[in-house]
Amino acid sequence: MFDRYFRISERGSTLGREIRGGLATFFTMAYILVLNPIILGSAEDKFGHRLDTVQLTTATALVAAVMTVVMGIGGNLPLALAAGLGLNAVVAFQIAPLMSWDDAMGLIVVEGLLICVLVVTGLREAVMRAIPQPLKQAISVGIGLFIAFIGFVDAGFVSRIPDAANTTVPVQLGGSGTLTGWPILVFCLGVLLTVGLLARKVKGAILISIVTMTLVAIVINSVADIKSWGLTTPEWPDKVVDTPDFGLLGHFSLFGAFGQTSAITVVLLVFTLILSDFFDTMGTVVGITAEAGLLDEEGKVPHLGRVLLIDGAAAVAGGAASASSATSYIESAAGVGEGARTGFANLVTGGLFGLALFLTPLLTIVPLQAAAPALVAVGFLMMTQVKHIDWDRYDIAVPAFLTIAVMPFTYSITNGIGAGFLAYVVIKTVLGRAREVHWLLWAASALFLVYFAIDPIEQVLGVK
C-alpha cells in the first residue's frame, strides 16, 4: 500500500532508503527546535513581553511535525518543513518591537494566506520573474550576515559600547574589549567545532555541535562559579520527558498590527516576509527535487502547485501557533543523499518531530553560547550565494552590496531589501535602461521610498 501510494519502487527507492532518509533529514534540521525558541524568546515585543521558551519549543515541534507529514502525503516529495531561519529573525528583531506578539504572528498568518493566493492565481511565478536573480542572492547573503551578527551578539562575543564611552565605535569584542568568562569559551569552542565538522562534511554537523557544547556547558556550570549564562542556564532537568505546553497556539491577531504602526510599515513588513519566504522556498523546492532526480523532461517539479500551496499553508500554521513562518528546508538534501525519493521519508521526519514534543525539558537547557555557533555557521552557508553575483556589473553589484551591507549594519532585513531595490531602480534609470525594470519592482521601490522618507512625509502632511 505504501509502495503504491508513494510510488517508492517507481522512483527507484526502497522502504529502507526512505526510512534512512527521513532520519538523516531530521537530525540535520533538528537544531531548529533549539534555535527557533532562542531567537524568538530572546526578543521583546513593543510592550516588553517575551514568549515562553517551553511553549515556543512545543509550537516549533508541532508545526514541523504536522506540516512535514502533510507535505509527504500531499506533495509526495522528501521535503521537510519547519520554522524558517531568517524569517524568525525578521519577526523577532524587526516586527515584534513595533507591536505585540499576537499582532506580529498575525502578520505571519496574513503572509501565508497571501502566498497561497499568489500560488492559486499564478502570481507567484510573476513576482519571481520581477526580482533579478542577483538581488535574490544578495538578500540571502545579507540575511546570512545578519543571522551571524545576531549569533555573535547573543553569545556575548560582540557587545554594544555604551554611548557614555564617547567613542564612534559602536561595538566591541566581548564586554570590555576582551574575551572573558567560561560562557564565551563555550561559544568559541562551539564555532571551531561546528566549522570543523562542516569542513569534513559531517552529516548533522550543526546538531552535533549544539549537543556537544551543551554537555560541555553543563559540566562547566557544575564545577565553575559563573554569575550568568544569559537567558538559559545549562542545568540537567529534573525530568527529561514532560507534557507538551500548547499555550501559544491560536495567539494571533490578523489585523491588530494596523493599530500599532502605520499602514505603509505594515505593508512593507508583510512584503518583506513574503519576499524572504517566497524565494527561499522556490530555490529549495527546485534544488531538492533536482538532487533527487525528480524533475520532468521540461525541468518542472512534479505537483509544483500543490507543493507551493502546502508551503504557504505552513506559513499560516506557523503564525497561528506563534512559531514564526514555517517553510521548506534545504537540509532535506541530507535525506535525499541517503536515498529518499518520496514523501514517505517525511512520515519518518515528521514522526520524530512529534516525538520531540515530549522532550521539551531536554531541549530547553541549551544556553545561547552553545546554540549561537549554529547561527554563525548558517550565516556562512547563506554567504556562499555571494559567488553567483557578477561584481563587474555596477548595475547589479551596487544594489547587491547595499542589500548585503545595510541588513547587519542597520539590524534590519527590511532596510537592506529596500536599499537594494531603490539602488537597482535608480542605477538602471541613470543608465537609460529603466525599461528593464519590471513594474512590480517599480511598485515595491515606491513603497520603500515612502518607508525611508516616512518621517518628513508625516511632517509635511501634519500627521505628527
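Computed from a predicted structure; not experimentally measured.
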Kindly list each side-chain donor-acceptor pair under 3.5 angstrom involving residues 105-115, sequence neighbours excluded, with atom names and distances?
unit_1 : atom_1 : unit_2 : atom_2 : d
E111   : OE1    : S325   : OG     : 3.3

If you look only at pairs with a residue in residues 81-95, which of them pass as a side-chain hydrogen bond (donor to acceptor under 3.5 Å, both in side chains), with sequence neighbours excluded? N36-N88, Q94-S412

Is the side chain of [X] donor-acceptor paired with the backbone N or O of [Y] at a distance under 3.5 Å, no angle test?
| X | Y | result |
| --- | --- | --- |
| T233 | W229 | no |
| R50 | G41 | yes |
| Q260 | D103 | no |
| Y424 | V398 | no |
| T68 | A65 | no |
| S159 | G156 | no |

Looking only at heavy atoms, which two atoms of [X] and [Y] are closest? And how far apart?
| X | Y | value |
| --- | --- | --- |
| A356 | L33 | CB-CD1, 3.7 Å |
| T25 | S332 | OG1-O, 3.7 Å |
| G420 | T403 | CA-OG1, 3.1 Å |
| G21 | A340 | CA-CB, 4.0 Å |
| L56 | P37 | CD1-O, 3.6 Å |
| V307 | G75 | CG2-CA, 4.2 Å |

Donor-acceptor contacts, no H, no angles, side chain residues 376-393, under 3.5 Å, sequence neighbours left out:
unit_1 : atom_1 : unit_2 : atom_2 : d
T384   : OG1    : L381   : O      : 2.6
D390   : OD1    : D392   : N      : 3.1
W391   : NE1    : V386   : O      : 3.4
R393   : NE     : D395   : OD1    : 3.3
R393   : NH2    : D395   : OD2    : 2.8

List the residues meeting side-chain hydrogen bond (donor to acceptor under 3.5 Å, both in side chains) with [X], not counting sequence neighbours, and say none if there are none.
| X | value |
| --- | --- |
| T194 | S209 |
| T212 | none |
| T265 | S262 |

Please work out which of the three classes, parallel, tilted or perpendicular, describes the rings of F448 and F421, given edges at 30° and 60°. perpendicular

Residue pair M213 / L189, side-chain heavy-atom distance below 4.5 Å: yes

Is there side-chain contact between V366 and L35, with heavy atoms separated by less than 4.5 Å? no

Suppose we screen for ring pair (Phe, Tyr, Trp, His ring centres under 6.0 Å). Which residues come up paired with F26, at least two apart in sequence or across chains? F353

Considering residues at least two apart in sequence or located in another chain, which fulfil the ring pair (Phe, Tyr, Trp, His ring centres under 6.0 Å) criterion with F157? F152, F187

Going by the salt bridge (charged side-chain N to carboxylate O under 4.0 Å, His left out) test, which pairs reach into residues 235-248, not counting sequence neighbours? K239-D242

Is a donor from one side chain sitting under 3.5 angstrom from an acceptor on the other, for N346 and T349? no

Taking everything shown except F452 itself, do over 12 heavy atoms lie less than 6.0 Å from its CZ? yes

Residue pairs passing the ring-ring contact (aromatic ring centres under 6.0 Å, His included) test where at least one lies in [range], sequence neighbours excluded:
| range | result |
| --- | --- |
| residues 81-114 | F93-Y411 |
| residues 242-269 | none |
| residues 44-65 | none |

Only one of I208, L215, T214 clears side chain to side chain contact (heavy atoms under 4.5 Å, CB included) with V211; which? L215

